[in-house]
Amino acid sequence: MAQQFTVKVPATSANIGPGFDVVGLSLSLHLTLTVTVPPASETQLPPIITYSGEGAYDVPLDAYKNLTTRVALYVLRCNGIRSFPSGLRIHAHNEIPFGRGLGSSGAAVVAGVLLGNELGQLELTAERLLDFALMVERHPDNVTAALIGGFVGSYLRELDEADTAAASVPLSEVLPEYPSDAGEDWGLNPPPPPSGIGHYVRFGWSEPIKAIAIIPRFELSTAKAREVLPQHYSRKDLVFNLQRLAVLTTALTQNPPDPDLIYEAMKDRIHQPYRKTLVNTWITGSHIIHHPCNSSWLLGICLSGAGPTILALATKNFEKIAEDARRIFKTRDIEVDWKLLTVAGGSEVKQS
Ligand SMILES: Nc1ncnc2c1ncn2[C@@H]1O[C@H](COP(=O)(O)OP(=O)(O)O)[C@@H](O)[C@H]1O
Ligand SMILES: N[C@@H](CCOP(=O)(O)O)C(=O)O
């Protein structure tokens, strides 16, 4: 009998203003894999991937090039399993737009880790799953929120010398692009992640707060949006962010939420000011808060992840906020789509 299971991973919005590389929020758009493993056979048939939804025209369908399946293979090979099961079939349906700051790559990585865990029947703990995801994504905010779900804060453990070396292996060695006809014999085993890299806590979330994602119709790669950030910050700017983040993690749990507190606590001096040199959505986005739609129900606004999506948190009048934003963007020749999102649960694997 064929085995069938699904892997469902939510989108995320990382940073939420001052929490650069620290906080993430899982949101109600998903990447879902439907996986069929046929009964074992004598012949080794290659995996077949089909794909629908966001990114369908861009994503590689070769299992040795696709991000999700390369991550799954990384997990399998670190655990002594050298190839996919023969005749494996995966259908991916994706609702998370690529390169917009809504965690599409984090979701693809987490889906890959869960896929590898399930295919190899490895029964890895949540902590170990996170280690594998961190070895690929390397900043904890979006993968932790995608795996655990909710509004999550995380840090990376300080590594000793040996673990630092293990975690600094170039991504190309962790996730080599194997040739499509790769058999059992390619290469050495990849470097496994050090243990217990990521640590996290899930905060509460105030029930009435929803997220409006204002999504420009162009992509910005996270790698590019990280290159523009400085190596050093002033004490003034660091304290500015720390003060706000400390307040924000509790302010977003309170019901009713306090708009004045949240609005100020979502300000940032660590990443958003530098990223505006790349995209003008943030400049435009920051204008929305001075617009007449600003009120007690618009709580705050930030760049979602590395951008270019703008995330507005609000308790009502969502459509008005989004349509006002769309009009303002239009005057600057930026076409946007918008989605009203709720906070999602964490990743799920279900046998069918
Ligand atoms: N479901 C997916 N399957 C395969 N690759 C994906 C998937 N989602 C994202 N990616 C890869 O990740 C890239 C986007 O990553 P990134 O620049 O970090 O932006 P984002 O903010 O969307 O995570 C895509 O261009 C694609 O190469
Ligand atoms: N903290 C990271 C988060 C990137 O998230 P993504 O969804 O844009 O990939 C950053 O700001 O660079």
Side-chain angles (χ1 to χ4, degrees), residues 7-27 29-34 49-73 90-115 133-134 136-146 152-156 171 175 177 211 213 215-216 218-230 241 245 268 270-275 278-279 281-282 302-311 347:
V7 177
K8 191 173 171 191
V9 182
T12 49
S13 182
N15 308 325
I16 315 294
F20 174 73
D21 278 3
V22 179
V23 298
L25 181 66
S26 61
L27 292 171
L29 294 173
H30 291 89
L31 168 63
T32 307
L33 310 181
T34 306
I49 304 178
T50 53
Y51 194 100
S52 57
E54 292 286 345
Y57 297 108
D58 304 319
V59 77
L61 298 179
D62 177 334
Y64 301 98
K65 302 207 167 7
N66 180 285
L67 179 59
T68 299
T69 38
R70 280 162 71 205
V71 172
L73 196 54
I90 301 169
H91 179 73
H93 180 69
N94 181 31
E95 299 172 338
I96 313 169
F98 280 13
R100 311 294 167 83
L102 287 166
S104 75
S105 63
V109 168
V110 170
V113 171
L114 293 170
L115 175 64
L134 287 171
V136 182
E137 191 74 353
R138 306 215 169 180
H139 46 89
D141 45 0
N142 51 9
V143 285
T144 312
V152 178
S154 52
Y155 65 82
L156 299 178
L171 206 51
L175 293 185
E177 282 202 30
I215 310 169
F218 64 87
E219 291 183 32
L220 169 63
S221 90
T222 303
K224 209 167 151 196
R226 292 178 80 82
E227 275 167 18
V228 300
L229 303 181
N241 270 49
L245 184 59
D268 154 72
I270 299 288
H271 69 111
Q272 293 176 173
Y274 303 97
R275 287 174 162 166
L278 272 184
V279 287
T281 61
W282 175 242
C302 62
L303 201 57
S304 181
T309 292
I310 302 296
L311 199 78
S347 296

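The figures here come from the full heavy-atom set of this structure, side chains too, leaving out hydrogens, waters and symmetry mates. In each ligand, atom 1 is the first atom listed, and ligand 1 is the first ligand listed.
Evaluation of the ring-ring contact (aromatic ring centres under 6.0 Å, His included) rule for Phe98 yields no partner, not counting sequence neighbours. Residues that satisfy the ring-ring contact (aromatic ring centres under 6.0 Å, His included) test with Phe20, not counting sequence neighbours, are His271. Contacts of His30 classified as side chain to side chain donor-acceptor pair (under 3.5 Å), with partners at least two apart in sequence or in another chain: none.
Considering backbone and side-chain atoms alike, Asn66 places every N or O at 3.5 Å or more from each N or O of ligand 1. Of the N or O atoms in Ser221, none lie within a sub-3.5 Å distance of an N or O in ligand 1. The shortest N/O to N/O separation between Ala223 and ligand 1 does not fall below 3.5 Å.
At least one heavy atom of Gly99 lies less than 4.0 angstrom from ligand 1. Distances from ligand 1 to the non-hydrogen atoms of Gly103 include at least one value under 4.0 Å. Ligand 1 has no atom lying under 4.0 Å from any heavy atom of Gly305.
The shortest side-chain heavy-atom distance between Leu134 and Pro140 falls under the 4.5 Å cut-off. Between Ser13 and Thr309, every side-chain heavy-atom pair lies at or beyond the 4.5 Å cut-off. Cys302 has its side chain out of reach of Ile310: every pair of non-hydrogen atoms, C-beta onward, lies at least 4.5 Å apart. A heavy-atom distance below 4.5 Å is found between the side chains of Asn94 and Leu31. Proximity of Leu102 to Leu27: side-chain heavy atoms (C-beta onward) are separated by under 4.5 Å at one or more points.
For ligand 2, the 4.0 Å heavy-atom shell takes in Ala14, Asn15, Phe20, Asp21, Gly101, Leu102, Gly103, His139, Asp141, Asn142, Thr222, Arg226, Arg275, Gly305, Ala306, ordered by chain and residue number.
If you check which protein heavy atom lies closest to atom 15 (O) of ligand 1, you get Ser105 CB, 3.3 Å. Remark: minimum distance from atom 10 (N) of ligand 1 to any protein heavy atom is reached at Phe98 CZ, 3.9 Å. The shortest contact between atom 21 (O) of ligand 1 and any protein heavy atom is with Gly101 N, 3.1 Å. Looking from atom 1 (N) of ligand 1 to the surrounding protein, the closest heavy atom is Tyr51 OH, 3.1 Å.
For the residues Leu102, Leu67, Thr12, the heavy atom positioned nearest atom 5 (N) of ligand 1 is part of Leu67. Among Val59, Thr309, Thr69, the residue whose heavy atom sits closest to atom 4 (C) of ligand 1 is Val59.
The backbone N or O of Gly101 lies less than 3.5 Å from a partner atom in the side chain of Ser304, making a donor-acceptor pair. Proximity of a side-chain donor or acceptor of Thr68 to a complementary backbone N or O of Ala108 within less than 3.5 Å is detected. Side-chain atoms of Arg100 come within 3.5 Å of backbone N or O of Phe218 as a donor-acceptor pair.
Proximity of Ser104 to ligand 1, defined as any heavy-atom pair under 4.0 Å, is shared by backbone and side chain alike. At a 4.0 Å heavy-atom cut-off, ligand 1 touches Thr222 through backbone and side chain alike.
Between the side chains of Thr50 and His91, at least one donor-acceptor pair of N or O atoms lies under 3.5 Å.
Annotation: the span from Arg275 atom CZ to Arg226 atom CZ amounts to 6.5 Å, rounded to 0.5 Å.
Remark: ligand 1 atoms within the under-4.0 Å shell around heavy atoms of Arg100 are 21 (O), 22 (O).
A side-chain contact (heavy atoms from CB on, under 4.5 Å) with Leu61 is found for exactly one of Ile90, Ile49, Thr69, namely Ile49.
Counting protein heavy atoms under 4.0 angstrom from atom 27 (O) of ligand 1 gives zero.
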